[in-house]
2 protein chains.
Amino acid sequence: MMAEKITSLQVAEKAGVSQSAVSRVFTPGASVSKKTADKVRKAAEELGYRPNVLARAMVSGKSRIIGLVVAYLENHFYPEALEILSNTLQEQGYHVLVFMASQTAGNIDNVMDEILDYQVDGIVMASVAMSSDIATRCQQAGVPIVLFNRSQDIEGISSVTSDNHAGGRQVAEFLIAGDHQRIGYIAGWEGASTQRDREAGFREYLQEAGVELFAREVGDFHTERARDAGRRMFDVPADQRPDAVFVANDHMALTVMDVIRFELGLRIPEDVSVVGYDDVPPADWPAYNLTTMRQRANLMVAETVSALMEHINNPKTASPKRVAIDGPFIVRGSARLPEGWTPKG
Amino acid sequence: MMAEKITSLQVAEKAGVSQSAVSRVFTPGASVSKKTADKVRKAAEELGYRPNVLARAMVSGKSRIIGLVVAYLENHFYPEALEILSNTLQEQGYHVLVFMASQTAGNIDNVMDEILDYQVDGIVMASVAMSSDIATRCQQAGVPIVLFNRSQDIEGISSVTSDNHAGGRQVAEFLIAGDHQRIGYIAGWEGASTQRDREAGFREYLQEAGVELFAREVGDFHTERARDAGRRMFDVPADQRPDAVFVANDHMALTVMDVIRFELGLRIPEDVSVVGYDDVPPADWPAYNLTTMRQRANLMVAETVSALMEHINNPKTASPKRVAIDGPFIVRGSARLPEGWTPKG
DNA sequence: TTGAAAGCGCTAACAT
DNA sequence: ATGTTAGCGCTTTCAA
């Protein structure tokens, strides 16, 4: 029980070679004769030796740890992304160290300190805003950052999002084509680029179509505040009520649907059309059947990892990229359909 | 840009003290004069110095990393638990390194290797079965393990679950008191202790009440297989249909409700009563309003962390504990109520 | 209280 | 191809 930790030195002694020979055997692309390699592997096997990642990290400067900063996991889009991210990185020999940025406001700075203390090779920031100090700090530390589902105009920061502006436009187009007269919008947290871009695209199309936004409330991407926003928007006389609403993400849209149907007794889509954004799993449940813009988590994660690896492997030459992935508009039953509707953009 | 990494040595030089003095200042409980400490902190501040966690880990043998092995994040109980776990550990200066065990079957062994390579101070295994080899390997490596939401009779392995046996009994009691005649059960993955214990408790009470299980299918805790299980159980002539079903977790129960209501056009609870287990957020949504046994994620995580810390801080004396936390039975509208029902157990 | 010195387990020149 | 040597940045005896 509780055997001592096996080191490369012990393997070396057992195999009758030098300690560095052992190291080479476990270093891909090092030069060792097959004979030595065999001896070493055999000894290592018998002793149950495995290289210490931390020691390796110290001398090589590569920890093979990616820090993930995430604000909340309540919105099912994030667990899904996390699962894909972790799996993808795992395949490439990296692992995800999780940092929750939820609690206090200013604590994002502490979190960044902690994350850098671990000598991570890269950072993914999901649903977290970026300040330029933080960016600078990471740049000084030589740690690449990729924003996931947020973007920000900071020099040298890569980001991956869906094409929120185009998505917002698409929703507006669909709603207008569906002959809705009084169109409302329930916003997410106004500090979020996703929220801003979705709203901007949405309003842009509305304006082009000569339609004025009929009502607007803020739900902050938060369940309870979305519920309140839904009440403020719909618990009013029928003639002041929107006949359609775009809710800035599915998480809030589901709650708003509950308010509309169960609290106020209205029908969807006969009385009110609802459109969301993300296409989280419950959107597809028949009890909701929510029309929504899909965010393609798998593609978004793939781009995130690719950007990260690019920066890690080519620290000098890699240039920051800003990726916006278009997603299909998923037409379900929560919004009245235009005659003969076909998605275009 | 890209400043060099600051080391304790550089701080020492700037502060005019020895490198070990700097180390002491950043080591809680070391002996340093206030004067030295002030000088060092000032220099560190100016240089932007922070101790390298990995180097510290190497010499101290404590990485302050906890490995989390988790099979899937689809069931919302796990993201919720992960969020709480990460926050709790963060407060104690630990962080979570995530390992997904999903993909291949035998890959749990590889995952264990990888996890040990990182010299983690402890491991939490969530929704993952434990083999005794793995347990042995960790014990040899001196790394404590806690099973989360699984338990297993392996010497020296701590586990934290809800009281699944009592929970299963409670559900049976409720259903029988509600005067159901034909009671069905949809099982989770049969390799899972949670599944087995819930079913055992459920059947035990049924038997004591002299009621025979009317139907049984297996859903494997998996959405699509649960859907199929639901169809097999309910897409049958009315007289062969259960009038109540206990589904082994909410994730499956929601799907089964969809099958019952939307595919088969039956009413809940008038035609069929449905009871789940976990109390995930959607269970409380009015579109489902699912009666269920709550698993108290916050308590379960607290116990998990406490067990882990116990083992980490007292490696010799700490003894494995098996915690089963009781949860309240949450009566909502998806199951017919007994007259004047009050929960007891 | 402080500094000097010895490593933690490993990789990466440098020699041979 | 292999061994020797010098660290990576830190904690921790051990003396002073």
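Below, chain A is the first sequence line, B the second, and so on; all start at residue 1.
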Residue pair B:Arg64, A:Asp117: steps toward the salt bridge (charged side-chain N to carboxylate O under 4.0 Å, His left out) verdict: CA-CA 11 Å; B:Arg64 306 202 74 91; A:Asp117 292 350; over 6 Å; no
Contact pattern, 5' to 3', of nucleotides 8-16 of chain D - B, S or - by protein heavy atom under 4.0 Å: BBBBBB---
Basic-acidic side-chain contact under 4.0 Å: B:Glu46, B:Lys42: yes
NZ/NE/NH1/NH2 to OD/OE distance under 4.0 Å, A:Asp38 and A:Lys34: yes
Non-neighbouring partners of A:Ser8 that pass side chain to side chain contact (heavy atoms under 4.5 Å, CB included), sequence neighbours left out: A:Gln19, A:Val22, A:Tyr49
Side chains of [X] and [Y]: do they bring a donor and an acceptor to under 3.5 Å?
X	Y	result
A:Tyr78	A:Asn149	yes
B:Ser159	B:Arg150	no
A:Ser23	A:Ser20	no

Between the first and last five pairs of the helix from C:dT1-D:dA16 to C:dT16-D:dA1, the angle of the axes, rounded to 10 degrees: 40°
Contact interval (first through last nucleotide) of DNA chain C with protein chain B, 4.0 Å heavy-atom: C:dT1 to C:dG9
Closest contact, heavy atoms only, A:Val70 versus A:Ser127: CG2-OG, 4.1 Å
Smallest separation among heavy atoms of A:Phe26 and A:Arg56, with atom names: O-NH2, 3.2 Å
Neighbours of DNA chain D within residues 29-48 of chain A, by heavy-atom distance under 4.0 Å: A:Ser31, A:Val32, A:Ser33, A:Thr36
Contact list for residues 298-313 of chain A, test salt bridge (Lys or Arg N to Asp or Glu O under 4.0 Å), sequence neighbours left out: A:Glu303-A:Lys321
Candidates B:Val146, B:Ile157, B:Ile108 - the one meeting side chain to side chain contact (heavy atoms under 4.5 Å, CB included) with B:Met125: B:Ile108
Spacing of CG belonging to B:Leu308 relative to OG1 belonging to B:Thr88, to within rounding of 0.5 Å: 11.5 Å
